[in-house]
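See below for the structure under consideration.
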2 protein chains.
Amino acid sequence: MAAWLGFLEATSRVSRHVEHQLKDDAGLSHAQYEILVKLATAPEGEVRMTDLAHGLFTSKSGLTYQVGQLEKRGLVERRSCPFDDRGVLAVLTTEGRDTLRAAAPGHVEAVRSALIDVLDREELDVVARALGRVGARLRPADHSAGPAPHAPAPGS
Amino acid sequence: MAAWLGFLEATSRVSRHVEHQLKDDAGLSHAQYEILVKLATAPEGEVRMTDLAHGLFTSKSGLTYQVGQLEKRGLVERRSCPFDDRGVLAVLTTEGRDTLRAAAPGHVEAVRSALIDVLDREELDVVARALGRVGARLRPADHSAGPAPHAPAPGS
DNA sequence: TACCGGTTGTTCAAATTCGAACCTCCTTGT
DNA sequence: ACAAGGAGGTTCGAATTTGAACAACCGGTA
């Protein structure tokens, strides 16, 4: 079970580290940063709330809250979706793009020094593949791949 | 950066999964469960708050809160430390030990099915070693098992 | 058209987390 | 003995998260 303990410690320390770095550097929480990234990599800098929530690892209400915070700071704007009256688009403002551009290098550096640089190439490979599988395995009833979400493992 | 994304997704999904399983199964949060485990593995079922906070990955105030919750449910008792009047011992009650005993199998199963069983032996090995190093690297000025073969030199 | 199940995003209360301020007590130096 | 400095825990306010409940809206169907 050493893997589990290691996982727990690495998880909380890295997460804490990154969160701090980001907050001190750019006044953004990690959640907010991730939202900005998703918006920035989208075609027009605009993404529907649902798609955002899908790509991130937070609840719908959590997303509403964070987008609200970003909107207060003028980094994001809400616009109603032309095709779907109940839909809401989150749109990256110019200021938001600038903020992200300013924050990105520090964040990348933090991740690199905390996680990437500590591993050698092979470990990085294995960790990426292994954790990728672990994450995918727990993805909500997604019709993509993999067996039943709940594996009762009857045989035991 | 695939490793980072994988890490993020695995982290949040596994954490969520375990948290849920534990809450549904035994009405405990993961933080509370970990506290009980630390207490149960201690000599007399009693540990000082500081030592608890040291072994867990939470802040002092967070620990105070969670121990308070556990105390409300009668799973833990507070006792003053005989050697140090400002110290507080968290003591596992019989009921607490029973609760833990009842919760443990489900938790272990959840961890196993979510993380362990998804990896083969070699991956498990590498992940444990790699993440162990990652976690240790971010440990606050810890003078224990010298994980500082490389000069930290975070400057620059 | 009216209905009905399913989707979208928000609002709500409750729980949890964090850091800073704070008080009590120990330890050391004089 | 006494003051200074530090350690141990708690308290406080603010921020964040979550799931459930909710209102509006889409799509298809009779």
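A, B, ... follow the sequence lines: proteins, then strands. Residue 1 opens every chain. Quick caveat: nothing in here was measured; it's all calculated off a predicted structure.
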(request) Can you see which heavy atom on B/Gly55 is nearest to which on B/Lys38, and at what distance? (result) O-CE, 3.7 Å
(request) Quick one: closest heavy-atom pair of A/His107 and A/Val18, and the distance? (result) CE1-CG1, 3.6 Å
(request) Of all the heavy-atom pairs spanning A/Ala104 and A/Tyr33, show the shortest one and how long it is. (result) CA-OH, 3.6 Å
(request) Identify the heavy atoms of A/Ser113 and A/Val118 that sit nearest to each other, and give their distance. (result) O-CG2, 3.8 Å
(message) I'd like to know if A/Glu123 and B/Arg129 make a salt bridge, using a cut-off of under 4.0 Å between side-chain N and carboxylate O.
(response) yes
(message) Is the shortest side-chain heavy-atom distance between B/Glu34 and A/Leu8 below 4.5 Å?
(response) yes
Distances under 3.5 Å between protein N/O atoms and the N/O atoms of nucleotides 1-5 of chain C, please, pair by pair.
none

(message) My understanding is that only residues two or more places apart in sequence, or in another chain, count here; which of them pass side chain to side chain donor-acceptor pair (under 3.5 Å) with B/Gln69?
(response) none
(request) List the protein contact pattern of nucleotides 10-20 of chain C with one symbol per nucleotide (5' to 3'): B for base contact, S for sugar-phosphate-only contact, - for none; contact means a heavy-atom distance under 4.0 Å. (result) BB---SSBBB-
(request) Scan residues 42-51 of chain B for pairs that pass side chain to side chain donor-acceptor pair (under 3.5 Å), counting only residues two or more places apart or in two chains. (result) B/Arg48-B/Asp84
(request) Decide, yes or no, whether a salt bridge links A/Glu9 with B/Arg139 under the criterion of side-chain N to carboxylate O below 4.0 Å. (result) yes
(message) Filter on salt bridge (Lys or Arg N to Asp or Glu O under 4.0 Å), then keep only pairs touching residues 18-28 of chain A, sequence neighbours left out; what's left?
(response) none
(message) With a strict under 4.0 Å distance from non-hydrogen atoms of chain B, what nucleotide opens and what nucleotide closes the contacted stretch of DNA chain D, reading 5' to 3'?
(response) D/dG6 to D/dG19
